[in-house]
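These numbers come from the heavy atoms of this one structure, side chains and all, not from hydrogens, waters or symmetry mates. All chains are named by letter (A, B, ...) in the order of the sequence lines, taking the proteins before the strands, and each is independently numbered beginning at 1.
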Amino acid sequence: MEITSRGLWTAIHGIGFGALYLLACSGAVVELWRRYSPKVLVAASASDEAFLRTYLVVMTLLAWYAVLSGAYVIYPWYRASPPPGMVGLAGYPQRLLMSSSTTVVWHSLGMEWKEHVAWLTPISITMACVVFLKYGRRIKDHPQLRDTVVCFVVVSFVAAGIAGFFGAMLNKNAPVEGGHTIRLVHGGHP
Amino acid sequence: MTNGSGVAAVLAAGIGAFTLAVLAVATDHIVALQRLMVFYKPTGPLSGVTTASILIWLAVWVGLDLRWRHRTVPGGRTSIIALTLLGLSLMLTFPPFGDLF
């Protein structure tokens, strides 16, 4: 079982950071909505508050790691130009997608959307995290602020979902591969 | 505790998101801007669009926070503006919509 170094980076970006962020979103939305509602009968405790603070900090880090690894590690490999006369485009995913009418839209819509919309995620969750770090349990005294923060977290989920979906489909149609080959498990005899 | 800091953060996030979307559309259409936005060559114009947007977002955030941190500001109206900007950002980053401009 082998993976190339570029394939590993792509997996870390998409699954390690991106998918983990998507999974974490529901927890943040539910926690903010239910536990910090002005109508809640049992107030959140100090340990609940500390938990959500840590949770949002981790989500913020995941979002930034995802966009930064995407834009500065994987995207350069994706958009690399082949040398003149190159026939096989497997090592040049963007050019491979653009070489056929059946795959070009994965780039012109998928990547062109994903590369920008993904950045709404770290902007939104950083704001939500800082607001909660500042207000903590007192956010329930500011219901409009809390509601808006929840909306931003929901939009961050939508943006990350769009980026994640197209990332997966782009990698399916034109995988980012190359670099060193890492052997994960030695194969046995069939 | 006043709501000023929180509202500042929300509005700044809306402005930051909208700035990114507008810069992305403008860079796609203006060749001179494409060249200007190449901060890191392997990443191309995306490096400049995102870096400039983040810097503008953070500067607006700091400015609004300094102005509002000890005040109670109209949260409802500001939230609507911030959410509208966020919604417009989502739309503008969608290539068929961005290409209308």
Side-chain angles (χ1 to χ4, degrees), chain A residues 64 67-68 70-81 94 105 107-139 141-156 158-159 162-163, chain B residues 1-21 23-25 27-28 39-47 49-51 53-54 57-58 61 65 69 72-83 86-87 89-99:
Chain A
W64 284 107
V67 296
L68 290 172
Y72 291 98
V73 178
I74 296 152
Y75 189 57
W77 294 328
Y78 171 85
R79 71 188 290 269
S81 298
Q94 182 190 64
V105 181
H107 169 75
S108 62
L109 178 67
M111 180 52 89
E112 292 291 331
W113 194 7
K114 165 186 164 66
E115 70 187 51
H116 295 120
V117 78
W119 290 83
L120 302 187
T121 297
I123 290 172
S124 299
I125 198 64
T126 303
M127 178 276 290
C129 178
V130 171
V131 167
F132 193 78
L133 286 175
K134 187 172 179 80
Y135 287 83
R137 285 172 284 176
R138 288 170 295 183
I139 201 170
D141 300 329
H142 303 281
Q144 278 174 342
L145 178 61
R146 182 202 66 128
D147 293 350
T148 309
V149 167
V150 170
C151 286
F152 267 80
V153 176
V154 169
V155 170
S156 83
V158 171
I162 292 166
Chain B
M1 193 174 192
T2 61
N3 70 348
S5 270
V7 174
V10 159
L11 182 59
I15 291 170
F18 188 68
T19 302
L20 183 132
L23 266 180
V25 170
T27 304
D28 270 350
F39 287 14
Y40 177 62
K41 202 171 170 207
T43 301
L46 181 66
S47 57
V49 166
T50 53
T51 304
S53 304
I54 288 165
W57 162 50
L58 293 175
W61 192 351
D65 189 71
R69 61 167 52 161
T72 298
V73 296
R77 192 172 63 203
T78 317
S79 293
I80 289 170
I81 293 170
L83 288 170
L86 187 65
S89 312
L90 263 181
M91 280 168 54
L92 279 174
T93 57
F94 183 50
F97 193 82
D99 288 345

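When atom types are taken as modelled, the side chain of B:Thr93 and the backbone of A:His116 share no donor-acceptor pair closer than 3.5 angstrom. The backbone N or O of B:Thr2 lies less than 3.5 Å from no partner atom in the side chain of B:Thr72, so there is not a single donor-acceptor pair. No side-chain donor-acceptor contact under 3.5 Å links B:Arg69 to the backbone of B:Gly4. Panel note: side chain B:Ser47, backbone B:Phe39; a donor-acceptor pair is recorded below 3.5 Å.
For B:Thr50, the part lying under 4.5 angstrom from a heavy atom of chain A is the side chain only. Heavy atoms closer than 4.5 Å to chain A are found in the side chain of B:Asp28, but not in its backbone. Interface residue A:Val117: backbone and side-chain heavy atoms are both found under 4.5 Å from chain B. Both the backbone and the side chain of B:Leu90 come within contact range of chain A, judged by heavy atoms closer than 4.5 Å. Within the 4.5 angstrom heavy-atom criterion, no atom of B:Leu58 approaches chain A. Residue B:Tyr40 touches chain A through its side chain alone, counting heavy-atom pairs closer than 4.5 Å. The contact between A:Ile123 and chain B is made by backbone and side chain atoms together, counting heavy-atom distances below 4.5 Å. Of the two parts of B:Ala82, the backbone and the side chain both hold a non-hydrogen atom closer than 4.5 Å to a non-hydrogen atom of chain A.
Note on B:Ser89, B:Gly98, B:Ser79, B:Pro96: by heavy-atom pairs under 4.5 Å with chain A, the leading option is B:Ser79. Among the candidates B:Ala21, B:Gly75, B:Ser5, B:Gly87, the residue making the largest number of heavy-atom pairs closer than 4.5 Å to chain A is B:Ser5. Of all the listed residues (A:Ile162, A:Thr126, A:Asp147), the one sharing the greatest number of non-hydrogen pairs under 4.5 Å with chain B is A:Thr126. Interface summary for chain B: among A:Val158, A:Val131, A:Val155, A:Val67, the most heavy-atom pairs under 4.5 angstrom belong to A:Val155. Counting heavy-atom pairs closer than 4.5 Å to chain B, the top residue among A:Ile139, A:Val149, A:Asp141, A:Val130 is A:Val130.
Across all their heavy atoms, A:Lys134 and B:Met1 have their closest contact at O-CE, 3.6 Å. When every heavy atom of B:Pro42 is checked against every heavy atom of A:Arg79, the shortest pair comes out as O-NH1, 3.0 Å.
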Could you list the donor-acceptor pairs under 3.5 angstrom formed between side-chain atoms of residues 6-20 of chain B and any protein atom two or more places apart in sequence or on another chain?
residue, atom, partner, partner atom, Å
B:Thr19, OG1, B:Ile15, O, 2.7

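Taking the six-membered ring where tryptophan is involved, the planes of A:Trp119 and A:Trp64 are perpendicular, since the angle between them exceeds 60° and thus also 30°.
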side-chain hydrogen bond (donor to acceptor under 3.5 Å, both in side chains) for A:Ser156 and A:Ser124? Distances and angles first, verdict last. CA-CA 6 Å; A:Ser156 83; A:Ser124 299; 5.6 Å; no
